[in-house]
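Notes to accompany the following structure.
It should be emphasised that the depicted structure is a prediction, and the values quoted were computed from it without experimental measurement.
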Protein chains: 2
Amino acid sequence: MGRWQPDARARLQEAALALYGERGYEATTVAEIAERAGLTKRTFFRYFTDKREVLFWGSELLEQQMVAAIEAAPASASALGMIGAALDAAAVRFEEVREFAGPRHRIITSSPELQERELIKAASLAAAMARALRARRFGDTAAVLAAHTGTTVMHVAFEQWVEDPNQTAFQQIARDALAQLREIASTG
Amino acid sequence: MGRWQPDARARLQEAALALYGERGYEATTVAEIAERAGLTKRTFFRYFTDKREVLFWGSELLEQQMVAAIEAAPASASALGMIGAALDAAAVRFEEVREFAGPRHRIITSSPELQERELIKAASLAAAMARALRARRFGDTAAVLAAHTGTTVMHVAFEQWVEDPNQTAFQQIARDALAQLREIASTG
DNA sequence: ACAAGTGATGTCACCTGGTGCCATCACCAT
DNA sequence: ATGGTGATGGCACCAGGTGACATCACTTGT
């Protein structure tokens, strides 16, 4: 056994998720989170750049996997086809963390500050996918539009998925949403 | 003449825009902004809820005008057609403030904190447009997707517009972008 | 004309998020 | 033993943000 309790980061995440859920995000203090994890405020800020970031650890991984899906898509695929592949990749990740998705989503929804952070993560994801699409030889505007469309579809699908009593697979919900988008874009 | 200098809000906005531009957003203190406007930190926070909001005054107006455009669109229009009408309305507003658009945009681009705020304003706008589309009898998912697509197109067009040496009209750039979206959504 | 009221501002104390700097302390390599 | 090394604690400090109260010029009712 090491000289400190292991997994300080994970302990901080758990403590934060619990306290944010119990008292609300704003009513929770960083000092309280740290104390619950057996650490100090100062140490909290060594693991997370701010009070919000503790809820968004792992978003780079999702980004990487979705980008990888675009890079691996067949050359014959359209821009939105590649976005579909990226959404399939996201589905895998989401199903892995389904257990925490609900509480985490409710916390984020309850705080504008946290929604802002979620939005900028989505924007970062969109930018990464846009770069990947450009690398697949799509035009600049087309790449950006398709990428942002992808995150929009992802969010719409996510909200349906996280509140779905039937536990429908994310992949299916996302595919339906993407199909609906194609429909409204081509109609009229 | 009143007992206080008039237009406190406008003075604070000007001071903030100037200081953010000169020293950068993070290096500027609310107390400095207030001092430059001949006021106090406390008064700044009576006009703006936080240090970021001073750059986003008037976003509700844009929202209202775009929503109004959707409400006024012909019943025969498609969802994206109504979004197009909303973008035309946005174009009017943007041309009015073209003078400040460039500096303001550069400041926002330079700070993640400000980008977060801009993103949540866009999300609010999208939600408002989605409500308007639902009122026009579009389905839930279609309304949300079309609305978010609209803000995406708006942002893509805005970036091209604000940096365009030819001063092309926003309306034209936005219409082109929307047409491109329709293309990528229908191809493949 | 005088008193009471009103509304924008100032003042002050305070809390919390966030950071820089240095101390500590267990373990590890030589 | 001796000297790193790396995660942590402690402390001082700044800035954003808020609540409570004071001020002060002008307005309104009588």
Quick one: does Arg46(A) reach the base of dG6(D) with a side-chain donor-acceptor pair under 3.5 Å? no
How is Tyr47(A) classified with respect to the nucleic acid when contacts are heavy atoms under 4.0 Å: base, sugar-phosphate, or nothing? sugar-phosphate
Thr40(A), nearest nucleotide to its side chain (from dT9(C), dT8(D), dT11(C)): dT8(D)
Whether [X] side chain and [Y] backbone form a donor-acceptor pair below 3.5 Å:
X         : Y         : result
Asp164(B) : Asn166(B) : yes
Thr40(A)  : Thr43(A)  : no
Arg136(A) : Ala73(A)  : yes

As a quick check of understanding, evaluate salt bridge (Lys or Arg N to Asp or Glu O under 4.0 Å) for Arg52(B) and Glu116(B), giving each step before the final call. CA-CA 10 Å; Arg52(B) 299 162 277 297; Glu116(B) 288 189 339; over 6 Å; no
Taking atom [atom2] of [N] as reference, at what distance in whole Å does atom [atom1] of [X] sit?
X        : N       : atom1 : atom2 : answer
Arg42(B) : dA22(D) : CZ    : P     : 16 Å
Phe48(A) : dT16(C) : CZ    : C1'   : 19 Å
Glu35(A) : dT16(C) : CD    : P     : 13 Å
Phe44(A) : dG17(C) : CZ    : P     : 9 Å

Could you work out the complete set of other residues in the hydrophobic cluster of Val30(A), with links drawn between I, L, V, M, F, W and Y side chains under 4.5 Å apart? Leu12(A), Leu17(A), Leu19(A), Tyr20(A), Tyr25(A), Ile33(A), Leu39(A), Phe44(A), Phe45(A), Tyr47(A), Phe48(A), Val54(A), Leu55(A), Phe56(A), Trp57(A), Phe100(A), Ile107(A), Ile108(A), Leu114(A)
Go through the structure and list residues passing ring pair (Phe, Tyr, Trp, His ring centres under 6.0 Å) with Phe170(B), not counting sequence neighbours. Phe94(B), Trp161(B)
Pairwise N/O distances under 3.5 Å, protein to nucleotides 13-16 of chain D:
| residue | atom | partner | partner atom | Å |
| --- | --- | --- | --- | --- |
| dG16(D) | OP1 | Lys51(B) | NZ | 3.3 |
| dG16(D) | OP2 | Val30(B) | N | 3.4 |

